[in-house]
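Working notes, structure below.
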Amino acid sequence: MSKIHSFSAGSSPVRVTADFFTDSHRFSASVVVYKRRLVDVLADQMTNFLDLVDVYVSRNNDPGEIVHTYERGSLVKEEINFIVLPTETQAISKERFYSPNRTSRQIFLTVPFFEIRGLFQWMGDLDIKKLMATDTQKFLPILNVNAANPFYPEVNFQGPTALVNKAKIQTLCISKSA
Amino acid sequence: MSNVLIIDDDRDILRLLEFALNRAGHDVIIASDGQQGLAELEARKPDLIVADIMMPNMTGYDFCKQVRASSGASDIPIIIFSARFQPVDKQTALQAGATDYLPKSISPDALVKRIEELLPAAPAAVDHKSIGFFSLRGGTGVTSLAVNAAIALAITQKAKTAVVDLAPLGGHAALLLGLRPTSSVGQVLSKNHMLTLDAISPHFIEHQSGIHLLASPLRFEERLAAQSSSLDQLDTVLRPGYRFTIFDLPCSALEPQTASFFQQLDPIVVIMSPDVPALQSTALVLQCLARLGVADDKIRLVVNQVTSQNGLPVETIQKAVKRPVSAKIPFEADMIKAVNSGKPLLLSSPKSAGAAAIARLVSILLN
């Protein structure tokens, strides 16, 4: 059964639609990734900006309401707290996609204005320093994610995957088992 | 098959959903933004709308609000189908007037399934009844009962009801209803082409009670020479347009070639007056109907113009014809007044015993 989000006709460039969260806003927008994955576009050190198309702006205290819409936008990668994606695929680098013997762990972390819970998958021995290193991947993939705003408890976001900006992580807790 | 309006600025999504819905047997109307969607809604009256949230010029939320504010489309199901898939998005969509909310991550088949669940149910097959009123003996009040029963059905059941006066010439249904028909069943059945409801409708004349009459011919040139096939066809064609069709049947209708038409009627009300000639005629009618293949349980025997004096007792009638009498209609002096004034008893003397008995007869016919 085909999934609509994976449909791409003819030569249309591949677009990934996701929710991008900063301290104050939610941007529902698409990124043209061509043959790459979003996580690889985010890791691209050639630019600090993420080009968005069809941008729908909401405020974090009222994230259902769309306050502005724009055809194009540019988001400073460093200012992204986390991104909620509709599928797991775009959160895993092409280079790392096949990785056997993964261990799943419950993870809890905080970024500005949000606490995030989910599953974290790791290979081999868990080393927090390695995990938080930003030299290659700047965003940490979390599965089965639930992100809540502690100031507005009714505001929470769920999804199969989120990419959390490692540079924005304030606290990180991992359980011993899944 | 239903018309589904899809509104999305993503051409790939439009093509995919159009394919999936066409494959499921639905017609698809496409719009690339909310404004175009509103125009298509006005022009094409779809059965259901699938709308994206993130669209240029007008969001799906605003589209929903405008649809709900419009007078003609406030009830149409709207499915919001969006890449914004958070619980708060669903809540916002429902508050804006959407019927349901589905994320774009679901499969097209799942969307089609939900669309089909929300589509307005097709009108249920109308529980149609074609009822015949018949007697071999003249003066038993067949037409009076047929007309009054039709009015009772139209009023109590709030249902479209037609009366077809099949008297070959000069039937009295129009007279009893105070109508002056300009067309007749003779004109309808004289056409040498397939009958359709649209073609027949202009020949009906509407009574103030709401019933529609297809009158008997009033001119010799239009006299009815109905063949079995044309009566069958007339009955069949009227079924989708009317909940009840009342056929006022003349003596001449009882012919071998009309057997299939009589078999279509359910029930056939055989009317007699409480006298010996009527009893003899009724016994004959029952034999003839059996010979024509009419199922016994479709026949309802009604004794009309029952008086407390001199008439044959109902028990005697039942014993003679070996079947129960379904209803007794008392002799009603007001009926004569009703006939002469062109105002049916049900409307002119609704509280009379005769009117009450006709109302009971109608409930018996419905059961």
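Chain identifiers are assigned alphabetically (A, B, ...) following the order of the sequence lines, protein sequences preceding nucleic acid strands; residue numbering begins at 1 within each chain.
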Report yes if some heavy atom in the side chain of A:Val84 is under 4.5 Å from a heavy atom in the side chain of B:Phe85; otherwise report no.
yes
Nearest heavy atoms of B:Pro87 and A:Asn156, plus distance in Å:
CD-O, 4.3 Å
What residue, out of A:Val155, A:Asp19, A:Ile66, A:Thr69, has the most heavy-atom pairs lying under 4.5 Å from chain B?
A:Ile66
A:Tyr34: partners by ring-ring contact (aromatic ring centres under 6.0 Å, His included), with sequence neighbours left out:
none
Hey, mind stepping through A:Arg15 and B:Asp12 against salt bridge (Lys or Arg N to Asp or Glu O under 4.0 Å) and telling me if it holds?
CA-CA 11 Å; A:Arg15 289 165 51 142; B:Asp12 294 340; over 6 Å; no
Could you tell me whether the side chain of B:Gln86 and the main chain of A:Gln158 form a donor-acceptor pair under 3.5 Å?
yes
Could you give the distance from CZ (A:Phe157) to CG (B:Asp89), rounded to the nearest 0.5 Å?
7.5 Å
A:Ser30 versus chain B, heavy atoms under 4.5 Å apart: side chain, backbone, both or neither?
neither
Is it the case that over 12 heavy atoms from other parts of the model lie below 6.0 angstrom from the CD atom of B:Gln157?
yes
Return yes when atom CD of A:Glu71 has more than 12 non-hydrogen atoms of other residues, nucleotides or ligands closer than 6.0 Å, and no otherwise.
no
Exactly one candidate in A:Thr17, A:Asp54, A:Val55 meets side chain to side chain contact (heavy atoms under 4.5 Å, CB included) with B:Met54; the answer is A:Thr17
Counting only heavy atoms closer than 4.5 Å, note whether B:Asn57 contacts chain A via side chain, backbone, both or neither.
neither
Once you round to the nearest 0.5 Å, how far does OG of A:Ser28 lie from CD1 of B:Ile53?
8.5 Å
Do other residues, nucleotides or ligands put more than 12 heavy atoms under 6.0 Å from the CD atom of B:Glu206?
yes
Heavy-atom pair with the smallest gap, counting every atom of B:Val88 and A:Gly64
CG2-N, 3.8 Å
